[in-house]
Each structure stands twice: as C-alpha cells, then as structure tokens.
Amino acid sequence: MGRIGTNVARIAKHGFSMEVLAYDPHLPEERFASFGVEPVQDLNDLLPRVDFLTLHLPLIDETRGIIGPNELDLMKKTAVLVNAARGGLVDEFALAEALSQGRLRAAALDVFDDEPPSATSPLFKAPNLLLTPHMAAHTEEAMHRMAMGAAERIIEVLQGGPPRDVVNPDYRHFTS
C-alpha cells in the first residue's frame with residue numbers, strides 16, 4: 001500500500017466498485033481505513049479471497065518468491081495475477097505450471113527474473129498469460145516525471161545538497 005498500490009486500490013474501489021483487500025505487514029491499520037481498504041494480516045488468508053491479485057512491492061530478500069507454488073495453490077482457479085512491480089516476486093516456473101494446469105485463470109507480467117526472459121522460458125508456452133517487455137510505466141506522463149525528477153535531483157546534489165530518494169541510504173556525500 002505504497003504510492004502505486006494505494007493508487008491502484010483507489011481506482012479499483014472507486015472506478016470499478018471493487019472490494020479491495022490489502023496485505024502490507026509494514027503499514028499501520030489506520031492507514032488501510034483511510035483508503036477504504038480491508039487489511040488482511042496474513043498473505044495466506046488474502047490469497048483464497050481475491051479475484052485479482054496485483055503486486056506493488058520492492059524485490060528484497062523478504063519478498064523474493066513471495067508468490068510461489070504454495071501461494072498459487074491457495075488462489076481461486078478463477079483468479080488473475082498481475083505483476084508489474086519486480087521480477088523475482090513470482091516463481092515463473094510455478095506460474096507457468098499453474099496456468100498450464102488450469103489452477104489459475106490468467107496472469108499478466110511486465111517484469112521477469114531475467115530480462116529479457118530466455119526463449120526457452122516456460123512462460124512462453126503458458127496459456128492465458130500476457131507478457132509485456134517491462135514497459136508498463138512508460139507512459140508519456142511517467143517518462144516526463146522521471147526525467148524532471150532526475151534533473152531536479154542532479155541540480156540539488158550539484159548545489160551541495162544531499163541526494164534524495166537514494167536507494168543506498170548509507171551513501172556519504174563527498175565533496176572535492
């Protein structure tokens with residue numbers, strides 16, 4: 001339920017009148033209520049209830065393979081999985097198998113363990129699977145925001161300020 005997850009939840013709830021459930025072990029329960037979203041305390045409790053599962057989380061040790069064979073088995077056979085967040089969150093082999101065996105209705109992936117995926121990846125033979133080349137965020141507006149943000153951060157650092165939104169917070173600003 002970060003920035004992207006919150007926006008997707010808002011669109012699902014208000015744009016499509018969907019009941020929205022969310023799992024985020026790091027978010028205080030009050031925040032869920034402020035979005036009109038039902039919090040679910042355990043991923044294994046969430047999975048059997050969803051018709052659409054969208055992933056909006058970083059790839060870290062804690063989240064690598066968060067959707068694997070066991071999690072896919074918990075989902076409804078009519079469910080749809082969408083991952084446009086990070087490759088590595090979904091076990092691609094388990095997903096291809098679940099789709100091929102009819103244990104999941106459909107899936108869409110914009111991110112992969114290896115990019116581009118190998119031509120021998122089982123994903124290419126899986127039915128009901130939409131694959132896009134890691135381009136989901138490449139709208140004209142998003143590209144403009146990314147370019148402006150990068151330019152602003154460069155100017156801030158060149159003016160002697162600390163880098164914002166840095167991935168490695170232990171970074172030390174060196175001046176010459």
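- For the atom pair CG (L59) and CD (E62), the distance works out to 11.5 Å, reported to the nearest 0.5 Å.
- Every residue two or more places apart in sequence or in another chain that forms a side-chain contact (heavy atoms from CB on, under 4.5 Å) with Y23 is listed here: P25, L43, L46.
- Side-chain contact between L55 and V82 is absent, with no heavy-atom pair separated by less than 4.5 Å.
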**OP:** Could you please spell out the steps behind the side-chain contact (heavy atoms from CB on, under 4.5 Å) verdict for L123 and F112?
**Re:** CA-CA 10 Å; L123 294 173; F112 309 93; 3.8 Å; yes
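- Residue pairs meeting the side chain to side chain donor-acceptor pair (under 3.5 Å) criterion with at least one member in residues 44-54, sequence neighbours excluded: E38-R49, D51-K76, T54-H56.
- Note that CG of L27 is 4.5 Å distant from CZ of F32, once rounded to the nearest 0.5 Å.
- Hydrophobic clustering of Ile, Leu, Val, Met, Phe, Trp and Tyr side chains at less than 4.5 Å, counting indirect connections, unites V80 with F16.
- No donor-acceptor pair closer than 3.5 Å links the side chain of Q159 to the backbone N or O of E156.
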Subject >> Working for side-chain contact (heavy atoms from CB on, under 4.5 Å), residues L89 and L57 >> reply: CA-CA 8 Å; L89 296 174; L57 54 153; 3.9 Å; yes
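- Taking CG of L21 as the start and CZ of F52 as the end, the distance is 13.0 Å to the nearest 0.5 Å.
- Residue pairs meeting the side chain to side chain donor-acceptor pair (under 3.5 Å) criterion with at least one partner in residues 77-92, sequence neighbours excluded, do not occur; the list is empty.
- For F35, the CZ atom counts as densely surrounded, since its 6.0 Å shell holds more than 12 non-hydrogen atoms of other residues, nucleotides or ligands.
- Listed by first and then second residue, the side chain to side chain donor-acceptor pair (under 3.5 Å) pairs that reach into residues 98-109 are D73-R103, Q101-R103, sequence neighbours excluded.
- Counting heavy-atom neighbours within 6.0 Å of E29 CD, excluding the residue itself, gives a total of 12 or less.
- Between L104 and L99 the shortest heavy-atom distance is O-CD2, 3.5 Å.
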**OP:** For side-chain contact (heavy atoms from CB on, under 4.5 Å), just list the numbers for I67 and L72, CA-CA rounded to whole Å, side-chain angles, deciding distance to a tenth of an Å, and then say yes or no.
**Re:** CA-CA 7 Å; I67 304 298; L72 291 165; 3.7 Å; yes
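- Counting Ile, Leu, Val, Met, Phe, Trp and Tyr side chains that sit under 4.5 Å apart, directly or through other members, V8 shares a hydrophobic cluster with I4.
- To the nearest 0.5 Å, the span separating OG1 on T120 from NZ on K125 amounts to 8.5 Å.
- With hydrogens and angles disregarded, a donor-acceptor distance shorter than 3.5 Å links the side chain of D113 to the backbone of G88.
- Between V37 and M1 the shortest side-chain heavy-atom distance falls below 4.5 Å.
- Looking at T63, its side chain does come within 3.5 Å of a backbone N or O of I60 through a donor-acceptor pair.
- If you chain together hydrophobic residues whose side chains sit under 4.5 Å apart, I66 and V90 fall into the same group.
- For D42, the CG atom is densely surrounded, since the number of other residues' heavy atoms within 6.0 Å is greater than 12.
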**OP:** I would like to know whether L53 and M75 meet side-chain contact (heavy atoms from CB on, under 4.5 Å); could you show each step before the answer?
**Re:** CA-CA 9 Å; L53 176 66; M75 295 177 69; 3.9 Å; yes
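- Residues in residues 144-154 take part in these side chain to side chain donor-acceptor pair (under 3.5 Å) pairs, two or more places apart or across chains: R153-D165.
- Linking Ile, Leu, Val, Met, Phe, Trp and Tyr residues whenever their side-chain heavy atoms come within less than 4.5 Å leaves V40 and M18 in two separate clusters.
- Side-chain contact between F124 and L129: absent, with no pair of heavy atoms (C-beta onward) separated by less than 4.5 Å.
- No donor-acceptor pair closer than 3.5 Å links the side chain of S121 to the backbone N or O of P117.
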